[in-house]
There are 2 protein chains.
Amino acid sequence: MKVLLVEDDQFHAAYLRETVQKALPEAEEIVLARDGHQGETEARRGAIGAIVMDLQMRGRNGIEAARTIWRERPATRILFWSNYSDEAYLRGISRIVPKESAYGYVLKTASNDRLHLALRSVLVEGQIVVDREVHQFQQRQIRPVEVLTEAEYAVLVDVSLGLSDRMVAQRQGMSMRTVQNRLLSLYDKLEVERAADGDMQMNKRSRAVARALALRVINPEALETAEGELQRWLVRQARQGA
Amino acid sequence: MKVLLVEDDQFHAAYLRETVQKALPEAEEIVLARDGHQGETEARRGAIGAIVMDLQMRGRNGIEAARTIWRERPATRILFWSNYSDEAYLRGISRIVPKESAYGYVLKTASNDRLHLALRSVLVEGQIVVDREVHQFQQRQIRPVEVLTEAEYAVLVDVSLGLSDRMVAQRQGMSMRTVQNRLLSLYDKLEVERAADGDMQMNKRSRAVARALALRVINPEALETAEGELQRWLVRQARQGA
DNA sequence: ATCCGGCCTGCGGAAACCCGCAAATGCCCT
DNA sequence: AGGGCATTTGCGGGTTTCCGCAGGCCGGAT
């Protein structure tokens with residue numbers, strides 16, 4: 001059994017390697033990659049079936065790397081080990097995990113025992129393990145947003161990237177009015193009105209983005225990925241339009 | 001000499017303590033705080049003159065903590081030790097550092113030697129030390145934005161929080177037209193138009209925020225702090241209006 | 001069958017945003 | 001003093017956003 005660690009922080013990497021050595025004595029080789037790209041390369045080369053992956057890394061982040069790895073070898077088991085429990089990360093992962101695979105999500109603040117357990121459950125037994133704190137994001141005393149629809153989330157991301165109503169409509173295949181309806185429900189769920197004491201009227205669109213960021217419904221990492229997709233869509237549109 | 005470490009990541013804290021012990025043999029006591037609040041308390045209690053501070057911490061971040069510490073004891077020397085080199089952090093720090101004090105800014109990716117040197121230069125010699133990579137943020141292949149004015153930056157933050165033109169004008173003491181002029185120059189500097197291929201017209205306001213985030217001119221941490229100030233300003237306005 | 005709730009769509013208008021034009025102010029430099 | 005140069009402000013109008021009203025489609029519960 002070969003295990004790949006993808007982690008760009010040297011201290012975390014050292015700790016992780018140590019724990020993996022203890023938790024998985026059947027691992028005859030432990031490879032370390034220091035960002036998403038390296039991780040993809042190593043996974044491809046080493047025919048690796050078990051991965052522990054950090055999410056936040058400079059350059060290529062963990063979700064992007066996981067996507068390409070799973071596309072090439074869907075049975076790969078991946079344990080995500082991250083500092084954050086943002087809704088955006090969860091959404092990103094649950095969207096791309098293949099049916100035949102196992103994955104886990106453990107916070108870096110978890111105890112050594114918890115990490116140990118998760119390593120065995122996911123990488124050896126092939127189970128699905130998600131830290132409870134992650135799933136209901138209790139930490140940072142942030143009350144979870146009333147859950148968003150897929151459509152609402154898609155519109156939120158597009159708006160956060162700076163698309164106009166017309167562009168969102170075009171991209172999502174809706175009418176402009178529908179986009180605006182999604183926006184209305186977003187304004188509601190994100191509590192955009194809350195600060196409106198009297199004559200103070202905010203720019204709801206920007207306020208919604210700010211609230212979504214504050215509540216960690218979206219995060220800059222996810223936006224970066226979405227921006228890439230947007231750019232690709234844009235060139236496709238330009239070609240079609242010409 | 002007493003040294004206070006403020007760092008919420010246990011692995012980083014362990015490494016930091018070790019390095020400080022080696023670099024500063026004159027330190028007869030090394031105290032560890034695990035977030036900004038604890039840091040303030042310890043600094044107050046221990047009559048501490050030298051601090052190494054992480055910037056990103058859950059709860060109260062390093063900049064907020066540094067501000068209150070410097071307000072109470074302006075001669076305190078603080079070395080910031082951070083993962084990031086965002087413009088927003090730099091701006092936040094240079095805005096609050098007192099004249100009579102020394103500070104430094106070192107990236108966590110710096111070598112042990114660099115950290116060692118910075119520890120001695122800042123905490124013992126009282127010099128100002130800033131990692132070169134930080135000051136011109138070359139990393140992440142992000143080309144720095146043509147530097148923003150203070151006024152532009154203030155408007156950008158307000159807009160990112162979701163304020164309308166009128167509110168920004170009121171808060172910054174400008175006319176609405178001036179706010180819009182600042183916005184125009186922001187749209188220019190942040191290259192908001194770049195994606196406008198043909199009929200694709202973006203929402204410039206939201207796009208500007210997205211660009212600023214992507215270029216790391218602002219970051220969610222700084223926005224969180226700014227949101228707090230905004231809330232305080234709002235209640236003040238409400239009282240005055242009534 | 002009927003009703004209910006959710007999502008989609010068009011219409012129309014108030015408000016906000018975006019911005020060119022032009023005049024006023026202030027600062028620096030010669 | 002006078003000539004740039006940047007910043008501020010008002011005016012006016014084109015565009016976009018925001019949203020109530022009203023109607024259509026659809027799946028599920030009564």
Side-chain angles (χ1 to χ4, degrees), chain A residues 145-212 230, chain B residues 145-212 230 234 237:
Chain A
V145 180
E146 202 184 333
V147 67
L148 302 189
T149 319
E150 279 303 312
E152 282 164 358
Y153 188 74
V155 170
L156 172 61
V157 170
D158 277 2
V159 165
S160 302
L161 291 176
L163 302 217
S164 63
D165 289 8
R166 193 207 327 265
M167 284 178 82
V168 178
Q170 206 166 328
R171 191 159 182 229
Q172 302 293 334
M174 311 168 164
S175 78
M176 287 224 296
R177 191 56 242 255
T178 301
V179 173
Q180 293 166 343
N181 277 335
R182 289 309 106 239
L183 279 173
L184 280 185
S185 58
L186 280 171
Y187 297 156
D188 182 36
K189 291 187 181 175
L190 295 170
E191 298 179 292
V192 164
E193 305 279 5
R194 260 203 339 174
D197 282 337
D199 57 340
M200 292 300 189
Q201 189 97 357
M202 303 202 106
N203 178 318
K204 307 204 173 182
R205 176 175 284 247
S206 307
R207 184 62 180 167
V209 176
R211 293 284 299 154
L230 170 62
Chain B
V145 180
E146 203 184 333
V147 65
L148 302 188
T149 322
E150 280 303 312
E152 282 163 359
Y153 188 74
V155 170
L156 172 61
V157 170
D158 278 1
V159 165
S160 302
L161 291 176
L163 302 218
S164 63
D165 288 7
R166 191 206 330 262
M167 283 178 82
V168 178
Q170 206 167 327
R171 189 158 182 227
Q172 302 293 333
M174 311 168 165
S175 77
M176 286 223 296
R177 190 57 240 258
T178 301
V179 173
Q180 292 167 343
N181 276 336
R182 289 309 107 237
L183 279 173
L184 280 184
S185 58
L186 280 172
Y187 297 156
D188 182 36
K189 291 186 180 175
L190 295 171
E191 298 180 293
V192 163
E193 304 279 3
R194 260 204 339 173
D197 282 337
D199 57 340
M200 291 302 188
Q201 190 97 358
M202 303 202 106
N203 178 317
K204 308 205 173 182
R205 177 174 282 246
S206 306
R207 183 61 180 168
V209 176
R211 293 284 298 154
L230 170 62
L234 276 176
Q237 288 303 104

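Throughout, protein chains are lettered first and strands after them, A, B, ... in sequence-line order, and every chain is numbered starting at 1.
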By side chain to side chain donor-acceptor pair (under 3.5 Å), which residues pair with B:S175, not counting sequence neighbours?
-> B:T178

With rounding to the nearest 0.5 Å, note down the distance linking CG in B:L161 to CZ in A:R207.
-> 6.5 Å

Could you state the atom-to-atom distance from CG of B:N181 to P of D:dG10 in whole Å?
-> 12 Å

With respect to the phosphate group of C:dC7, does any side-chain polar atom (N or O) of A:T178 fall under 4.0 Å of OP1 or OP2?
-> no

Quick one: is D:dT9 close enough that its OP1 or OP2 comes under 4.0 Å of any side-chain N or O from B:S175?
-> yes

Under the side-chain contact (heavy atoms from CB on, under 4.5 Å) test, which residues partner A:A208, sequence neighbours left out?
-> A:Y187, A:L190, A:V192

Euclidean distance, atom CD of residue B:E150 to atom P of D:dA6 [Å, nearest integer] | 19 Å

Nearest whole angstrom, please: distance from the C1' of D:dG24 to the CE of A:M174.
-> 17 Å

Taking the side chain as every heavy atom from C-beta outward, state whether B:R171 and B:L230 have any atom pair closer than 4.5 Å.
-> yes

Contacts of type side-chain contact (heavy atoms from CB on, under 4.5 Å), residue B:A154, not counting sequence neighbours | B:Q172

Interatomic distance where CG belongs to B:D188 and C1' belongs to D:dA6 [whole Å] | 15 Å

Listed pairs, N/O of protein and of nucleotides 15-18 of chain C, under 3.5 Å:
unit_1	atom_1	unit_2	atom_2	d
C:dA16	OP1	B:R166	NH2	3.2
C:dC17	OP1	B:D165	N	3.3
C:dC17	OP2	B:D165	N	3.4
C:dC18	OP1	B:Y187	OH	3.1
C:dC18	OP1	B:R205	N	3.3
C:dC18	OP2	B:Y187	OH	3.2

With sequence neighbours left out, the residues meeting side-chain contact (heavy atoms from CB on, under 4.5 Å) with B:S206 are A:R205, A:S206, B:N203

Just how far, in rounded Å, is C1' of C:dC19 from CZ of B:R182?
-> 14 Å

